[in-house]
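Remarks on the structure that follows.
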Protein chains: 2
Amino acid sequence: MARGMPGETLLADRLRDQLLEDITNSQLPPGTKLPTEGELSKRFGVSRATVREAVRGLVEAGYVTRRRGSGSYVAERRRMPHGLDSTLSYLAMIENAGAKAGMRVLDAVFEESTNIDSVLHVRPGEKVLAVERVRTADDQPVIYSRDRIPARLLRHDLDLANLDPSLFALLRSCGHAADHATATLRAVPSTICTAKMLRVRRGKPLLYIEEVDYDRDGTPVMLSREWHVSEAFDVRINRRAQVPQAPRMR
Amino acid sequence: MARGMPGETLLADRLRDQLLEDITNSQLPPGTKLPTEGELSKRFGVSRATVREAVRGLVEAGYVTRRRGSGSYVAERRRMPHGLDSTLSYLAMIENAGAKAGMRVLDAVFEESTNIDSVLHVRPGEKVLAVERVRTADDQPVIYSRDRIPARLLRHDLDLANLDPSLFALLRSCGHAADHATATLRAVPSTICTAKMLRVRRGKPLLYIEEVDYDRDGTPVMLSREWHVSEAFDVRINRRAQVPQAPRMR
DNA sequence: GAGTGGTCTAGACCACATG
DNA sequence: ATGTGGTCTAGACCACTCT
């Protein structure tokens with residue numbers, strides 16, 4: 001019915017959430033056949049295109065599988081939820097693992113940019129916000145991180161003493177919400193510094209993640225370097241197969 | 001024009017490839033405004049919905065950015081091509097890094113399943129194909145891997161001596177092409193075995209990747225365990241921001 | 001106000017799955 | 001033969017950007 005869009009969300013999004021709720025909360029064991037697209041279209045009073053968009057979201061999230069000529073079904077196994085491709089928050093990631101998440105800010109200062117900041121497109125001498133933190137799971141240090149944000153992206157009246165615990169929230173409030181990122185992963189031995197911060201033996205393998213976050217316009221907004229204690233929790237990612245040369249669409 | 005589809009590809013896919021070719025091969029520097037959707041629709045004789053689907057593919061691949069109310073533009077920076085989320089082939093990954101890629105099959109046998117195969121949904125006693133390989137870059141070992149595929153998914157006349165170098169190609173030829181995967185990453189010290197295979201000092205940090213590949217129906221088709229020498233090349237991934245709770249669609 | 005992308009509709013034909 | 005998802009069309013209104 002409603003065409004352009006009420007103030008709230010997309011029609012397809014609301015329908016997707018509705019269907020997801022029906023699948024999870026209610027019952028519907030894996031393998032259950034869902035109503036046909038035509039049926040849903042009629043029942044919810046939306047076009048079939050909208051139904052398809054809603055179901056597509058569930059398929060991409062791994063809740064539903066579609067079989068051409070047959071129907072749509074509740075997926076057998078839900079894919080892992082918290083992966084590098086789906087969340088930008090370690091807080092939720094740690095809590096999901098069943099641990100008490102904590103964070104300590106060791107340092108937060110404005111300083112001159114160095115050459116590691118080149119990916120942030122800062123000019124020499126430009127200031128960056130440098131934040132040094134340790135995340136804990138059940139009070140055990142699990143991630144030591146150094147984040148850098150170009151000062152020009154931030155408000156000038158920023159209170160370093162009462163820094164927003166989420167740098168993503170900080171960026172969002174400044175109109176530079178993180179939209180996507182590229183991360184590089186490597187296994188490295190812990191150094192004197194990282195071993196002390198994470199309370200591990202020196203030389204112990206750490207998962208090192210170097211990540212650059214971009215806003216919607218493709219402007220690099222943050223450089224994060226993180227050292228993870230691998231025993232603490234696993235980093236998960238989801239891959240998709242590709243079409244040769246040009247990338248897939250669906 | 002053509003409605004249902006000739007034998008070949010999707011209309012939107014062909015249009016996407018066409019546009020991509022125009023962007024890359026021809027000229028069009030970053031920031032260039034693309035024709036409007038209506039314009040493209042008219043020029044190629046397809047509906048605007050199809051144009052949107054085509055451009056959507058380019059946006060997802062990072063070639064194009066769309067600005068509501070303004071237009072579509074050639075993206076500033078192409079995102080990294082070879083990442084865990086975009087390719088399932090290490091061969092191309094190594095070659096892209098500018099090295100000569102090689103591979104040695106150490107072992108390929110059918111054996112009884114063990115409890116590590118539980119993610120593959122094999123019953124106790126069922127056979128699995130176990131392949132042990134080493135990948136090299138410029139003749140230096142860089143990845144040691146152990147892959148396992150349920151035997152029931154494969155042809156029975158499989159020639160283990162002349163195994164297809166690509167297990168993905170093998171799976172595809174058996175009607176179980178890998179469609180998506182979940183991978184877990186960890187930093188681990190090299191063991192006696194992995195240190196020998198990769199010719200590194202024992203205890204040296206390795207990037208350990210445990211991956212389960214699924215076909216389009218969600219059937220797990222392969223379990224891969226890989227140990228990467230981190231100096232060799234970096235593993236890159238691309239992340240996307242998420243909508244709280246229910247996953248994004250677009 | 002004109003133009004553009006974002007969303008939605010109603011209806012159509014096709015290819016595949018199932019009985 | 002029938003039903004289902006997969007693709008496509010033509011046209012509409014909306015929200016936003018730009019001038």
Between the base of D/dG6 and the side chain of A/Arg48, is one N or O donor paired with an acceptor at under 3.5 angstrom? yes

Working to the nearest 0.5 Å, report the span between CG of B/Asp147 and CG of B/Leu129. 8.5 Å

Strictly below 4.0 Å: does A/Thr50 bring a side-chain N or O up to OP1 or OP2 of C/dT9? yes

Which whole-number value in Å describes the distance from B/Arg52 CZ to D/dC8 P? 15 Å

Do B/Asp213 and B/Ser224 have side chains that approach each other closer than 4.5 Å (heavy atoms only, starting at C-beta)? yes

Any N/O pairs under 3.5 Å between the protein and nucleotides 16-19 of chain C? List them or say none.
| from | atom 1 | to | atom 2 | distance (Å) |
| --- | --- | --- | --- | --- |
| C/dA17 | O4' | A/Gly69 | O | 3.4 |

Under 6.0 Å from the six-membered ring centre of A/Tyr73 and within 45° of its axis: does the NZ or CZ of A/Arg67 meet both? yes

For B/Arg56 and D/dC8, give me the distance from atom CZ to atom C1', rounded to whole Å. 15 Å

At less than 4.0 Å, is any side-chain N or O atom of A/Arg66 found next to OP1 or OP2 of D/dT4? Yes or no. no

Please confirm whether the shortest side-chain N or O distance from B/Ser72 to OP1 or OP2 of C/dT4 is below 4.0 Å. no

Going by number, which of residues 33-41 of chain A have a non-hydrogen atom under 4.0 Å from DNA chain D? A/Thr36, A/Glu37

Starting at atom NZ of B/Lys42, determine the distance to atom C1' of D/dG11, rounded to an integer number of angstrom. 16 Å

Looking at A/Glu37 and A/Arg48, is there a salt bridge between them, counting it only when a charged N and a carboxylate O are closer than 4.0 Å? yes

Rounded to the nearest angstrom, tell me the gap between atom CG in A/Leu11 and atom P in D/dC14. 14 Å

OP1, OP2 of D/dG11 versus side-chain N and O of B/Ser47: anything below 4.0 Å? no

Looking at A/Lys33, I want to see if its NZ is surrounded by more than 12 non-hydrogen atoms of other residues, nucleotides or ligands under 6.0 Å. yes

Salt bridge or not for A/Lys127 and A/Glu111, using N-O below 4.0 Å? no

B/Arg16/B/Glu53 salt bridge by N-O under 4.0 Å criterion: no

Sorted by chain and number, sequence neighbours left out, side chain to side chain donor-acceptor pair (under 3.5 Å) with A/Thr36 holds for none

Among A/Thr50, A/Val51, A/Val46, which residue satisfies the side chain to side chain contact (heavy atoms under 4.5 Å, CB included) criterion with A/Leu40? A/Val51

